[in-house]
There are 2 protein chains.
Amino acid sequence: MDKRAANCIDNERSVFSTLTAEEKNILSENCSCANYKKGEIIYKEGDKPTGLICLSTGKVKIYKEGVGGREQIVRMAKPVGFIGYRALFAGENYIASAQAIEDSTVCIFDKEILFGLLKSNFSLTMSIIQSLASELGFSNSRTVTLTQKHIRGRLAESLLFLKSTYGVEEDGETLKVYLSREDVANLSNMTTSNAIRTLSSFSQEGVIALNGRKIKLLDTKMLNKISELG
Amino acid sequence: MDKRAANCIDNERSVFSTLTAEEKNILSENCSCANYKKGEIIYKEGDKPTGLICLSTGKVKIYKEGVGGREQIVRMAKPVGFIGYRALFAGENYIASAQAIEDSTVCIFDKEILFGLLKSNFSLTMSIIQSLASELGFSNSRTVTLTQKHIRGRLAESLLFLKSTYGVEEDGETLKVYLSREDVANLSNMTTSNAIRTLSSFSQEGVIALNGRKIKLLDTKMLNKISELG
DNA sequence: AATAAATTGTGTTTTTAAACATTAATTTCA
DNA sequence: TGAAATTAATGTTTAAAAACACAATTTATT
C-alpha cells in the first residue's frame, strides 16, 4: 500500500484507524495520493470537492479571501487530518482555499466509497459529526475573539493556538511551525505591520523571543493573561 | 400528542418529518416541552445539554459573551429548527447562550433515544452532518465579514441576513422580526450607538424605512451593494 | 396617570488600528 | 555571485469606530 495512504488510514490520529482490515482495504484501493511543495495550492475557493482529502504529512493553511483580497486564515491543518471535508459533507463547493505552508502529501478518498462506508459504520459517522460540531464551536469562539479582542490579545491567542496545534520543539518553547509575518497577521486579523510591531513588543517585554521566523514562547502564562484581557 | 411536539416532528421543515410513524412515536414519547416568554433564557454558556432542543414556535437568539461582557449573536433560530445541537453532538457544554426574543415553545428530545434513532437511520444522520457542515461554512464566512467589513457593510449584511432568515411581512418589505437596536448591534459587531446612527443613515438615504423596531428594506439591491463593498 | 426604567437618538472626544511611506534585511534564482 | 524580489522593520499620517455624555422618547410598573 502507498506509504502516504497507509499513514492516513492506520495512523493513531486517523478516524480510520479502528476500521476492519477489509474496510481499510476498500479505502486504500479507492484513493489517490499527491505531493505539494511549500506554497502550492491544494484547492481554491469555488472549486468542487472530488473526494475526502486527508493530509498525510506537512502543514496546510485554510484561508478565505475577504474585502479587497485580504485573507483570513480560518484553520491550520496538521497530519493526520482531513482538509476540505466541510464542503464535501455540506454538499457545497469550497468556501475557502488550502495552501501547503511546508512540503506536504495528501490522499484523496473516493466520495462514494466513503459514503458507503459511513452507511455501515455508525461510530465512524459519529466521529465525523463530532469533528464538525467541535470545529463549529471553535469557529464561533474565534468569531468573537477576532472581533472583540484588541491587537495584543488577538496575537497572544494566535500564538497559543499555534502551540496547541503544532506543538513545540524539544526545547519546550520554540513553535513547531514557521509562518511569515503576513501569515501571522492573516491568522490574527491584523495588518502585517501590526503583526511585526506587536511581535517585537512581546519580544521586548520578554514574553516571546524572535529569531527570524522562529518564535519561542517564553512566558505562556503571560500570553494567556494578555489573551484573556482582550 | 402534544401540539408543540407534533409540530417539531411533523412540520415539513423538520428533519424528522420523513421518519416512519413508529419512529415518530418513539420520539414523541420521549420528549418534554416547555414555554418561554420573550426575554427568558433557554440555556446559558457553560450549561450541560440534556437533550436535543427543538424550537417549535417563536424566535431565539444564540449569543456568546465576549470581552467585558459584550455579546455577539452567532445565530438566529427559527421554527422548526434545533438549538444547542452543536454542543450535544460535540459532547461539550454549551459555549453560547440562548434567549427567546419573542414568546417561544420548545421540545427537548431525549439524547439516548435520539442517538438510537440515528444508529438505525442513515439519512437522518446525514442530514445532521449536512446541517453542521453548512453552519460551519456560514460561521467561517461570518468571521471574515465581521472582521473585515466596515460598519455600513456589516449592518447591510445583517439586515439581509435577517430577511433571509425570518422573511418579510405581506408588504414584501418589512422584516418579520423585531430586534432592539442593541441586538442589531450585537448581531453586527458594533456598538448600539453605531447601529442607531447607521440605521438612520440608511433611512435618510432611502435604503430602508424605520418605524420603531419595524425595519422596511426598501432597496435590497443597494443593501447588497453596500454589503459587498465592505 | 404618574413615575421609573429602559431604549433610542445625537453630538463630541479619544483611542485604535489601518494606511502610507520608506528603509533594511533576507531569499531567490539567473 | 549579484541583482531582483520578497519579507521584515519602523516611523508618520489618517480614518474608523469606540467611548463618553446627555437629551428625548418609549415602555413598563405601581
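A note on names: the letters A, B, ... follow the listed sequences, proteins ahead of strands, and every chain is numbered from 1.
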Results of side-chain contact (heavy atoms from CB on, under 4.5 Å) for [X] - residues two or more places apart only:
X	answer
B/Thr198	B/Ile151, B/Arg152, B/Leu155, B/Phe202
B/Glu228	B/Asn224
A/Ala87	A/Pro49, A/Tyr94

- request: Kindly indicate, with the supporting measurements, whether the criterion side chain to side chain contact (heavy atoms under 4.5 Å, CB included) is fulfilled by B/Tyr36 and B/Val60.
  value: CA-CA 10 Å; B/Tyr36 293 93; B/Val60 170; over 6 Å; no
- prompt: Quick one: do B/Arg75 and B/Glu135 make a salt bridge, cutoff under 4.0 Å?
  reply: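 B/Glu135 and B/Arg75: salt-bridged.
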Pairwise distance [atom1]([X]) to [atom2]([Y]) - rounded to 0.5 angstrom:
X	Y	atom1	atom2	answer
B/Ile108	B/Ile42	CD1	CD1	9.0 Å
A/Thr145	A/Asn140	OG1	CG	11.0 Å
A/Leu159	A/Ser164	CG	OG	11.0 Å
B/Ser131	A/Leu132	OG	CG	10.5 Å
A/Cys33	A/Ile53	SG	CD1	12.0 Å

Exercise answer: donor-acceptor pairs, residues 207-223 of chain A side-chain atoms, under 3.5 Å, sequence neighbours excluded:
| from | atom 1 | to | atom 2 | distance (Å) |
| --- | --- | --- | --- | --- |
| A/Asp219 | OD1 | A/Lys221 | N | 3.4 |
| A/Asp219 | OD1 | A/Met222 | N | 3.0 |

field: Nucleic acid contacts - residues 35-42 of chain B versus DNA chain C, non-hydrogen atoms under 4.0 Å
entry: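 Of all residues in residues 35-42 of chain B, none places a heavy atom under 4.0 Å from DNA chain C.
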task: Mind listing the residues from residues 206-218 of chain A sitting with a heavy atom below 4.0 Å of DNA chain C? Number order is fine.
output: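 Under 4.0 Å from DNA chain C: no residue of residues 206-218 of chain A.
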message: Students often mix this up, so state it plainly: with edges at 30° and 60°, are the rings of A/Tyr85 and A/Phe82 parallel, tilted or perpendicular?
response: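 Ring orientation, 0 to 90° scale: tilted.
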field: Distance-only donor-acceptor check, side chains A/Arg70 and A/Asn189, under 3.5 Å
entry: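 A donor-acceptor contact under 3.5 Å links the two side chains.
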- request: Any pair with a residue in residues 97-106 of chain B that passes side-chain hydrogen bond (donor to acceptor under 3.5 Å, both in side chains), sequence neighbours left out, goes on the list, sorted by first then second residue, please.
  value: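 Sorted result for residues 97-106 of chain B: B/Thr57-B/Thr105, B/Lys59-B/Glu102, B/Lys61-B/Gln99.
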task: For residues A/Gln148 and B/Val67, report the shortest heavy-atom separation together with the two atoms involved.
output: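 Scanning both residues completely, I find the closest heavy atoms to be OE1-N, 2.8 Å.
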- prompt: Which part of the nucleic acid, if any, lies within contact of A/Thr192, taking any heavy atom under 4.0 Å across all strands shown: a base, the sugar-phosphate backbone alone, or nothing?
  reply: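 Contact class for A/Thr192: none.
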query: Quantified as the angle between the terminal helix axes (five pairs each), what is the overall bend of the helix from C/dA1-D/dT30 to C/dA30-D/dT1 to 10 degrees?
result: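 Axis-to-axis angle, ends of the helix: 50°.
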Nearest-angstrom distance from the residue atom CG of B/Leu155 to C1' of D/dA16: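 These atoms are roughly 16 Å apart.
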task: Test side chain to side chain contact (heavy atoms under 4.5 Å, CB included) on A/Asp2 and A/Ser28 and set out the steps.
output: CA-CA 8 Å; A/Asp2 185 284; A/Ser28 69; over 6 Å; no
query: Along nucleotides 11-19 of chain C, 5' to 3', which nucleotides get a B, which get an S, and which get a -, given that the test is a protein heavy-atom distance under 4.0 Å?
result: B-----SBB
Could you list, one pair per line, each protein nitrogen or oxygen that sits under 3.5 Å from a nitrogen or oxygen of nucleotides 4-6 of chain D, together with the distance?
none

field: Partners meeting salt bridge (Lys or Arg N to Asp or Glu O under 4.0 Å) with A/Glu65 (sequence neighbours left out)
entry: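 By the salt bridge (Lys or Arg N to Asp or Glu O under 4.0 Å) rule, A/Glu65 matches no residue at all.
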- prompt: Taking DNA chain D as the partner, which of residues 173-187 of chain B come within under 4.0 angstrom of it by heavy atom?
  reply: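 The stretch gives none, as no residue of it lies under 4.0 Å from the strand.
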